[in-house]
Amino acid sequence: MTLPNDSLSPDLKHRNFRHLVMDIAWFGLGIPATARFLSIYAIRLDASAFLLSLMTSLPAIAAMLSSMFAGWWRSRYDTTVQAQFWPGFGFRLVFLLPALTPFFPDDWQPYWLVIAVTLPALAQGVSSVTFLVLMREGVGIKSLAALTSRRSLVFNSMFGIGTLLFGFWLQEVAFPLNYQLMFIAAFGLSLVSMWHVQQVRTTSSEVRVAAGQPKVRPWKVPAFQRVAFVLITTHVTFFMLAAIIPLRLVDELDAGEEFMSYFGVAELAAAAAMAFMARRLLHKLGNLHTMSLAMLGTALSALILCQTSNLTVTLVASALSGGSWVLVSLAAFNFFSEHTPPESLTSYSTLFNQIVSLSIFVGPMIGSQLDGVGLELTTILLIGALLRMIAAGLTLINPFDRIRRPASAV
């Protein structure tokens, strides 16, 4: 049996830690191009709520399907770092492909944006799984919580800086050249991020299962069933408003690119502050109680967006959403990591990625369907807020334990 990577030297772990933080710093600087401004670009091209939801949902389902091959892909390489190269590069094309949009006929441009974010997601599915394994290999399980907290803090800080820079650029340069150059610049920044990932060094992949030992099936493990339940309830209810919020801001409240950059910075500043305090909160409250309270925060954010017509007030909702969701994300990952045996890193990480991807696919589709039946955006926001409150309560419930109790009592 191969020893896990806690056998790495402290100097090598520190070096890997630094590269993994620098990776997310450069990535965070470029990602506002797609995460913050791509939906606005699509709205400028007259994309419907359905197309906006597809821009979130189709990449998620593509990533989920391709992640099924992550174990096979990883087995073709000696190290996880080597296995990460091509999927990581393919995923980063999501920054470059939207720059080709103006070369298509006007009627095709919104549909090209859907394709431009879906194709790289096929690589993202494999990349996400191998990267989860790479992080745990690179710094060891004991330093994983510190790494995820630091990466979250740096990511949100750089995301905010990138949002301000790109927002100013988009406001000052003529359309559509402003968007084209932004996407090209973001692609360049993502390549710097990729270079740092390739500098990570590990001495082994994961603990190997001894010959003849039965293979673990995560779906049959009660602890992982609880993890899956929590991931689904939180992610579906949060992402169902992914296409609704920008429509509410841009179409109904007349927000422009400059304001949307402020909206994003408010969200990210709060997320960075919460990431800084996350380890203390998680230690004091625990993963599940932190998630529950944070989901209530996201529900309150949706209620504010539903009720207000003042753009300045929406900044409060943005900050509340950003700070709350980063706590949900960190607590969910820690909860997952605590229930992941070292001999099954790849299989558990694959399922983690698939559950999150499927939830991100289902959530926006629910929101777009509600819009499609003629409900007002404010009504959809109210429904989303109520569902997030329900998710906050469900986070503290273990339905699988209740199901098993009668059988165990017999």
Side-chain angles (χ1 to χ4, degrees), residues 20-21 24 28 128 131-132 135-136 139 141-157 159 218 221-242 267-302 319-341 345 348-349 351-360 363 385 387-401:
L20 288 169
V21 171
I24 203 63
S128 297
F131 191 77
L132 287 177
M135 283 201 303
R136 184 159 169 173
V139 300
I141 186 62
K142 293 180 180 179
S143 300
L144 190 59
L147 175 62
T148 54
S149 296
R150 180 71 62 82
R151 279 172 58 87
S152 181
L153 172 62
V154 171
F155 172 76
N156 286 290
S157 300
F159 199 147
V221 178
F224 187 81
Q225 292 172 355
R226 180 84 186 276
V227 171
F229 179 73
V230 168
L231 288 173
I232 292 169
T233 54
T234 55
H235 283 70
V236 168
T237 55
F238 182 80
F239 283 97
M240 69 168 288
L241 300 179
E267 180 181 34
L268 295 163
M274 281 298 177
F276 180 75
M277 299 183 291
R279 291 183 66 190
R280 186 178 303 172
L281 287 172
L282 290 169
H283 178 73
K284 184 175 182 179
L285 300 177
N287 292 319
L288 294 178
H289 283 87
T290 299
M291 270 189 278
S292 181
L293 290 174
M295 284 304 298
L296 288 177
T298 66
L300 180 57
S301 171
L320 188 57
S321 177
S324 298
W325 185 245
V326 76
L327 286 177
V328 174
S329 300
L330 289 172
F333 185 76
N334 286 344
F335 190 52
F336 159 74
S337 298
E338 288 175 357
H339 296 88
T340 302
L345 277 177
Y348 272 69
S349 297
L351 274 177
F352 175 87
N353 184 71
Q354 290 173 343
I355 293 167
V356 170
S357 296
L358 182 60
S359 300
I360 295 175
L387 290 177
R388 289 177 178 184
M389 291 179 188
I390 293 172
L394 292 177
T395 299
L396 300 177
I397 298 173
N398 186 354
F400 303 98
D401 182 56

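Note that the coordinates shown come from a computational prediction; the quantities given were computed from them, not determined experimentally.
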### Query
Any side-chain heavy atom of Thr395 sitting closer than 4.5 Å to one from Phe335?
no
### Message
Working to the nearest 0.5 angstrom, can you tell me the gap between Phe238 CZ and Ser301 OG?
### Response
7.5 Å
### Message
Any heavy-atom pair between the side chains of Thr237 and Ile390 that's under 4.5 Å?
### Response
no
### Message
Tell me the closest heavy-atom pair linking Val326 and Ala275, and the distance in Å.
### Response
CG1-N, 4.2 Å
### Task
Show the numbers, then the answer: is there a side-chain contact (heavy atoms from CB on, under 4.5 Å) between Arg226 and Leu288?
CA-CA 11 Å; Arg226 180 84 186 276; Leu288 294 178; 3.1 Å; yes
### Query
Which value, rounded to the nearest 0.5 Å, describes the distance between Leu147 atom CG and Arg136 atom CZ?
13.0 Å
### Task
Drop me the distance from Ile360's CD1 to Ile355's CD1, to the nearest 0.5 angstrom.
12.0 Å
### Query
To the nearest 0.5 Å, what is the distance between CG (Leu241) and OG1 (Thr298)?
8.5 Å
#### Entry: Check: Asn156/Glu267 side-chain N/O donor and acceptor closer than 3.5 Å
no
#### Entry: Arg151 vs Val154, side-chain contact (heavy atoms from CB on, under 4.5 Å): CA-CA, chis, key distance, verdict
CA-CA 5 Å; Arg151 279 172 58 87; Val154 171; 6.0 Å; no
### Message
Could you check whether any side-chain heavy atom of Met389 comes within less than 4.5 Å of a side-chain heavy atom of Met295, counting everything from C-beta outward?
### Response
no
### Query
Is the Phe159 ring parallel, tilted or perpendicular to the Phe155 ring (thresholds 30°, 60°)?
perpendicular
### Task
Go through the steps to decide whether Met240 and Arg388 satisfy the test side-chain contact (heavy atoms from CB on, under 4.5 Å), and finish with yes or no.
CA-CA 10 Å; Met240 69 168 288; Arg388 289 177 178 184; 5.7 Å; no
### Query
With a cut-off of 6.0 Å (strictly less than), are more than 12 heavy atoms of other residues, nucleotides or ligands near CZ of Arg150?
no
### Query
Got Leu281 and Met274 here, is their nearest side-chain heavy-atom distance under 4.5 Å?
yes
#### Entry: Rounded distance [0.5 Å steps], CE in Met277 versus CG in Leu153
10.5 Å
### Query
For Thr148, which residues count as a side-chain hydrogen bond (donor to acceptor under 3.5 Å, both in side chains) partner, sequence neighbours excluded?
none
### Query
Are the side chain of Ser292 and the backbone N or O of Ala392 linked by a donor-acceptor pair below 3.5 Å?
yes
### Message
For Ala332, give me all partners under side-chain contact (heavy atoms from CB on, under 4.5 Å), at least two apart in sequence or on another chain.
### Response
Leu231, Met291
### Task
First locate atom CZ of Phe224, then atom CZ of Phe229, and finally report the distance between them rounded to the nearest 0.5 Å.
14.5 Å
### Message
Is the shortest side-chain heavy-atom distance between Ser324 and Leu320 below 4.5 Å?
### Response
yes
